[in-house]
Amino acid sequence: MKNMSEHAMQQEAESAPGCDVPVTAAEVLLDGHRATRDRVARSILDHGPSSAADLASRLGLTAAAVRRHLDGLAAAGLVESREQRVYGSRGRGRPAKVFALTDGGRDAFYQAYDQLAADALRWISDSVGGGKAGEEAVAAFARARFGKQGEKYLESLRQAGAGERTEALAQALSEDGYAATVRRVPSAAAKAPAGAQLCQHHCPVAHIAEQFPQLCEAETEVFSQLLGTHVQRLATIAHGDGVCTTYVPAPGAASSPTLRSAGPGTGAVPTAGTSTEDSASAR
């Protein structure tokens, strides 16, 4: 897999003379510059759209240095600037500018197995005749796949208190490369406990999920089962959003069966408390 600097410099490298030359001090400095640029891009991937000040704080760099790297990433088509989303009332002044990865920027982090996975899922669909039957076959595979992944998280969630399960799930997802965080969301009802938004800033299967939304639906079902409550998918990277976002209501607001093992050979897990409308809203 190419890193960000290799992705950005690919055309330049292909046009350069193909001869070995001694490494100079200037080249060492240039390599350090590229490594820092990679760190900036990786921080955006892990934490979502970020301001230059946020990046500087996380990486221990000056804001001016971060802006130089952001300019370079933007020139290479790897990041883009946008206005920061504001939740609640907006104060005076111009909205803060944040930087997000483009599709090309995300591509630099993806493994080169997307086509193989897409071909495998299409074969599963075609092998049962395609159409509705094919969609159901892919959905069964997705449930089995994410159900198996969810079983790994069970012990961590069992050890967490009722109000800490979303954070425990986010930590487990982060350990699997999803760069997940949790944001508490105040309830509309007075004095009601706050819900949470589970945010996944990276999705290893985003490109496949664009073609097979059953992957997102199955993942949402497993979240519902793990957390024991009805959850709602609000946004997905596969749909073009910057972050996969799932709303988790406060404990006790709604109930759903906890995750059970599907058992050998079943190829499915129990249905969770997510509705067709919820899944469709994310696509």
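Reckoned from all heavy atoms, side chains included, excluding hydrogens, waters and symmetry mates.
No donor-acceptor distance shorter than 3.5 angstrom exists from the side chain of Ser43 to the backbone of Arg39, with no hydrogens or angles considered.
Ion pairing between a basic and an acidic side chain is recognised when a charged N comes within 4.0 Å of a carboxylate O; Arg82 and Glu80 show such pairing.
A heavy-atom distance below 4.5 Å is not found between the side chains of Asp176 and Leu173. Gln149 has its side chain out of reach of Val222: every pair of non-hydrogen atoms, C-beta onward, lies at least 4.5 Å apart. Two residues are said to be in side-chain contact when any heavy atoms from C-beta on lie closer than 4.5 Å; Thr245 and Thr236 fail this criterion. In this structure, Leu169 and Leu227 have side chains that are in contact, with non-hydrogen atoms separated by less than 4.5 Å. In this structure, the side chains of Phe223 and Val248 stay at 4.5 Å or more apart for every pair of heavy atoms. Looking at heavy atoms from C-beta onward, Gln211 lies in side-chain contact with Arg122 at the 4.5 angstrom threshold. Looking at heavy atoms from C-beta onward, Gln200 lies in side-chain contact with Tyr178 at the 4.5 angstrom threshold. By the 4.5 Å heavy-atom criterion applied to side chains, Ser224 and Thr229 are not counted as neighbours.
Each of Ile44, Leu101, Thr181, Ile237 was scored for a side chain to side chain contact (heavy atoms under 4.5 Å, CB included) with His201, with one residue passing: Thr181. For the pairing with Glu219, the salt bridge (charged side-chain N to carboxylate O under 4.0 Å, His left out) check across Arg143, Arg145, Arg233 returns one residue only, Arg233.
A donor-acceptor contact closer than 3.5 angstrom is absent between the side chains of Gln225 and Glu221. Side-chain contact check for Ser51 and Asp54: at least one donor-acceptor pair (N or O, by modelled atom type) lies under 3.5 Å. Arg184 and Gln197 share no donor-acceptor pair across their side chains, judged by distance under 3.5 Å alone.
The nearest pair of heavy atoms linking Ala218 to Phe146 is CB-CD1, 3.9 Å. The shortest non-hydrogen separation linking Ser81 to Phe99 is CB-CE2, 3.8 Å. Annotation for Ala168 and Ala160: closest pair CB-CB, 3.9 Å, computed over non-hydrogen atoms. Residues Leu226 and Gly150 share a closest heavy-atom pair of CD2-O, 3.5 Å. When every heavy atom of Pro49 is checked against every heavy atom of Val98, the shortest pair comes out as CB-CG2, 3.9 Å. For the residue pair Ser174 and Ala180, the shortest heavy atom distance occurs at OG-N, 2.9 Å.
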Test Ser50 against Arg58 for side-chain hydrogen bond (donor to acceptor under 3.5 Å, both in side chains), laying out the working first. CA-CA 10 Å; Ser50 305; Arg58 287 199 295 263; 2.7 Å; yes
Checking side-chain hydrogen bond (donor to acceptor under 3.5 Å, both in side chains) for the pair Gln171/Glu167: CA distance, chi angles, key distance, verdict? CA-CA 6 Å; Gln171 181 176 348; Glu167 283 80 4; over 6 Å; no
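To the nearest 0.5 Å, atom CG of residue Leu198 and atom SG of residue Cys244 are 9.5 Å apart. Once rounded to the nearest 0.5 Å, the distance linking SG of Cys203 with CD of Glu210 reads 9.5 Å. Distance CG/Leu70 to CG/Leu78: 11.0 Å, rounded to 0.5 Å. Taking CG from Leu154 and NZ from Lys152, the interatomic distance works out to 12.0 Å, rounded to the nearest 0.5 Å. Atom CG of Leu215 and atom CG of Leu121 lie 6.0 Å apart (nearest 0.5 Å). Residue Asp71 holds its CG atom at 9.5 Å from CZ of Arg68, rounded to the nearest 0.5 Å.
Val128 and Ile124 fall into different hydrophobic clusters, where Ile, Leu, Val, Met, Phe, Trp and Tyr residues are linked whenever their side-chain heavy atoms come under 4.5 Å apart, directly or through other members. Val243 and Val79 end up in different hydrophobic clusters when Ile, Leu, Val, Met, Phe, Trp and Tyr side chains are linked at under 4.5 Å. There is a path of hydrophobic side-chain contacts, each under 4.5 Å, that joins Tyr153 to Val231.
By the side chain to side chain contact (heavy atoms under 4.5 Å, CB included) test, Ala75 pairs with no residue at all, sequence neighbours left out.
Other residues, nucleotides and ligands contribute at most 12 non-hydrogen atoms within 6.0 Å of the CZ atom of Arg67.
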